[in-house]
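Lettering follows sequence order; numbering is per chain, from 1.
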There are 2 protein chains.
Amino acid sequence: MADHEENEPENGGARRPVVTIHDVARHAGVSSMTVSRVMNGKRYVSEAMRQKVEASIRALHYSPNLTARSLSSAVRIGALYSNPSSSNLGAFLMGAFRQSGASGCQFLIEPGVTEAEAVEGLGRLIESGIGGVILPPPLCDSPAMLAMAQEAGVLPLAFATAKPREGVSAIVVDDYKGAYDMTWHLISLGHRAIGFIQGDPKHSPSQRREQGYRAAMVGAGIRIQDDWITPGLFTYRSGLDATRQLLAASRRPTAIFASNDDMAAAASAVAQGMGFKVPDDISIAGFDDSPIASTVWPELTTIRQPISAMAASAVVMLSNLVRQARNGGQPEISHVREMLTLVERGSTGPAPALT
Amino acid sequence: MADHEENEPENGGARRPVVTIHDVARHAGVSSMTVSRVMNGKRYVSEAMRQKVEASIRALHYSPNLTARSLSSAVRIGALYSNPSSSNLGAFLMGAFRQSGASGCQFLIEPGVTEAEAVEGLGRLIESGIGGVILPPPLCDSPAMLAMAQEAGVLPLAFATAKPREGVSAIVVDDYKGAYDMTWHLISLGHRAIGFIQGDPKHSPSQRREQGYRAAMVGAGIRIQDDWITPGLFTYRSGLDATRQLLAASRRPTAIFASNDDMAAAASAVAQGMGFKVPDDISIAGFDDSPIASTVWPELTTIRQPISAMAASAVVMLSNLVRQARNGGQPEISHVREMLTLVERGSTGPAPALT
DNA sequence: CTGAAAGCGCTAACAC
DNA sequence: GTGTTAGCGCTTTCAG
């Protein structure tokens with residue numbers, strides 16, 4: 001029993017026990033093509049064969065080499081990311097990246113903070129030979145970007161846009177419904193005086209969120225006082241000012257619904273600073289479920305965007321589109337609507353009893 | 001002139017204008033092998049040849065297909081990420097992911113929040129045939145993880161650890177120096193009474209940060225009062241309590257240095273809630289430069305970890321190690337120390353004049 | 001120093 | 001339905 005002379009089994013961290021499609025094929029007694037078909041869920045494989053192959057796959061713990069796969073199928077898609085310090089970037093990359101493996105395509109990313117950088121980044125992506133590109137907000141609403149992509153023969157996909165446009169595939173998010181649901185949640189907790197902090201008017205979701213709030217209030221028969229709606233810019237700082245204004249309203253709100261979590265966190269800080277207990281004296285709600293929502297205390301009740309899942313869908317949609325297009329077909333534009341869910345945490349509670 | 005019948009030039013988003021190594025070879029009148037050598041900076045290429053090839057590369061805007069490259073060289077490395085909602089995840093993935101392209105290796109990631117998930121994730125990575133794995137804290141300090149990797153013949157790399165260990169490559173971060181620098185910064189602003197909020201005692205950086213703080217204080221000849229140091233858990237909530245305690249100290253600190261940004265944000269909120277102006281009445285400093293630092297107002301003075309660059313280094317180191325190991329060599333363990341930088345923002349200022 | 005040949009693991013296209 | 005044949009773009013190996 002040599003302790004040191006084993007050669008194949010132990011060569012310092014780079015063994016090659018990797019199971020290939022051929023190993024599976026041999027094990028199952030079929031051709032590698034059949035295994036490939038099974039892996040890709042293609043038709044034209046008999047049930048018996050499929051069972052046998054699947055058994056071998058499990059037995060051997062086979063997992064396909066994604067690199068090889070994307071080399072053969074050669075679908076390459078890119079993404080531009082506008083806010084590298086954004087807390088959502090992690091979820092986005094995680095979703096897109098892992099799905100790109102599963103979908104057998106190569107995924108490239110370029111940062112594009114400013115408009116100029118975005119143009120440059122898209123340029124690099126185009127030179128890398130991508131067939132499609134994922135554009136998150138606010139890039140997804142920029143006609144210039146869309147035009148640039150289309151001119152280069154690259155299929156664009158608008159990610160998390162609030163206003164999808166004809167002719168461009170999109171992952172759409174229902175900001176209206178999210179805001180409606182949150183407002184309704186507050187109402188059902190007994191709140192009537194509900195303050196609202198608006199988002200940056202330049203972003204497409206802002207108006208939709210406000211509309212959702214208004215619709216829910218009207219639906220519940222509550223008249224919205226003018227001083228219950230204050231402007232905001234999606235920044236923490238703007239939330240600070242907005243909240244001070246709100247708390248000075250002629251009839252003070254018992255709940256504040258901010259258009260995003262950063263502003264909601266600010267609202268919570270201001271309210272607590274003024275001696276209010278959250279949620280006993282005042283409820284606070286946010287939107288997005290960004291990390292700050294579960295950082296501050298109490299943690300914020302908010303609306304979650306399933307960024308990771310959305311990114312994965314985007315990759316699936318786009319890679320399919322590119323394949324379609326390559327096979328000469330006309331790409332089928334589609335708009336996928338993603339569900340927003342309300343996450344109830346500690347910052348909201350029953351309206352305080354009237355005194 | 002058919003408008004619709006063009007076939008090659010415009011086929012709906014999946015053109016193939018991609019320049020390959022062969023195109024370059026043809027253009028330069030050499031074999032593709034020579035181009036490959038030039039691209040990889042190998043020796044054994046005559047200067048004349050190199051010049052010619054480089055000219056062609058530029059002329060054709062050639063950029064190698066990384067997928068093909070990694071298929072040939074077949075280096076696969078993985079990473080486990082412990083905190084999917086972490087604000088650093090984006091930077092980490094961005095750095096690692098992009099570098100993996102440049103380094104010609106395949107990068108896989110698995111989430112591993114709990115210990116159990118981490119084990120499972122590492123298991124999946126091992127089954128995928130990785131040659132090395134990046135372990136961020138706190139996984140990088142877990143003997144169990146390290147053992148599991150090494151048993152499977154996978155080279156581990158400790159990422160951003162504060163206590164590197166012999167025999168395991170690591171990206172090391174100098175928490176001590178970062179804390180020392182920050183404390184010194186506060187002292188140089190005239191502060192003498194500087195409160196400190198400790199980090200989670202279970203994380204390796206916590207002690208180092210406290211040591212750095214103590215050393216700077218001692219170095220400046222300041223006696224640290226017992227009630228200037230309060231326990232914390234790296235959470236916002238723990239920062240809330242710690243700050244209240246600190247502000248009730250027998251001699252109230254004019255500056256608070258929290259072991260991370262979440263707690264510093266809490267400190268800022270509490271201080272402002274009690275009517276103190278930041279930084280006029282009290283300075284607040286954090287550590288990490290996580291997104292919350294530039295979200296809250298005033299923005300936090302903090303210590304930046306260059307996560308993205310560190311992730312890139314990790315990929316370079318690890319892919320080289322795996323290549324070395326595969327070529328039969330003994331992998332060269334190394335510890336790379338990354339620089340932390342102090343980022344001065346609005347939350348710190350001169351000590352208030354004594355009254 | 002340079003080139004030709006042989007794959008890496010997988011899938012598209014075509015036979016059977 | 002299933003197998004065979006060719007590569008994808010690059011690097012490794014081995015001749016010259």
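- For B/Y62, a side-chain nitrogen or oxygen approaches OP1 or OP2 of D/dC10 to under 4.0 Å.
- In this structure, the separation between OG on A/S308 and CE on A/M94 is 7.0 Å, given to the nearest 0.5 Å.
- Within the structure, a side-chain polar atom (N or O) of B/T34 is placed less than 4.0 Å from OP1 or OP2 of C/dG3.
- Between B/L135 atom CG and B/L122 atom CG the span is 7.0 Å, to the nearest 0.5 Å.
- Listed pair B/R69 / D/dG9 fails the phosphate criterion, with no side-chain N or O lying under 4.0 Å from OP1 or OP2.
- Across D/dT2, C/dT2, D/dG3, the shortest atom-to-atom separation from the side chain of A/V30 is found for D/dG3.
- For B/M33, the side-chain atoms get nearest to D/dT12 when compared with the rest of D/dC10, D/dT12, C/dC10.
- Atom CD in B/Q106 sits about 12 Å away from atom C1' in C/dC10, given to the nearest Å.
- We find that A/E54 and A/R58 are not joined by a salt bridge, their nearest charged nitrogen and carboxylate oxygen being 4.0 Å or further apart.
- If you check distances only, the side chain of A/S72 does reach the base of C/dG9 with a donor-acceptor pair under 3.5 Å.
- Put simply, the side chain of B/I77 does not reach to within 4.5 Å of the side chain of B/L108, judged on heavy atoms.
- The side chain of B/S46 contributes an N or O atom lying less than 4.0 Å from OP1 or OP2 of C/dT2.
- Using a 4.0 Å heavy-atom criterion, one finds that B/M49 contacts the sugar-phosphate atoms exclusively.
- Distances were taken from every side-chain heavy atom of A/S31 (C-beta onward) to each of C/dC10, D/dG3, D/dT2; the shortest belongs to D/dG3.
- The side chain of B/I21 has D/dT11 as its nearest neighbour among D/dT13, D/dT11, C/dC10.
- Within 3.5 Å, no donor on the side chain of A/R50 pairs with an acceptor on the base of D/dG1, nor the reverse.
- From one end of the helix from C/dC1-D/dG16 to C/dC16-D/dG1 to the other, with five pairs defining each end axis, the axis direction shifts by 40° (rounded to 10°).
- Remark: aromatic rings of A/Y81 and A/F92 are close, center separation under 6.0 Å.
- Taking side-chain N and O atoms only, A/S36 has a distance below 4.0 Å to OP1 or OP2 of C/dT11.
- Pairing each heavy atom of B/I171 with each of B/A314, the nearest pair is CD1-N, 3.9 Å.
- Checked against C/dC10, D/dG3, C/dG3, the side chain of A/R37 finds its nearest nucleotide in D/dG3.
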* Asked: Stepwise, does the side chain to side chain donor-acceptor pair (under 3.5 Å) test hold for A/E338 with A/S313?
  -> CA-CA 9 Å; A/E338 281 286 338; A/S313 308; 3.3 Å; yes
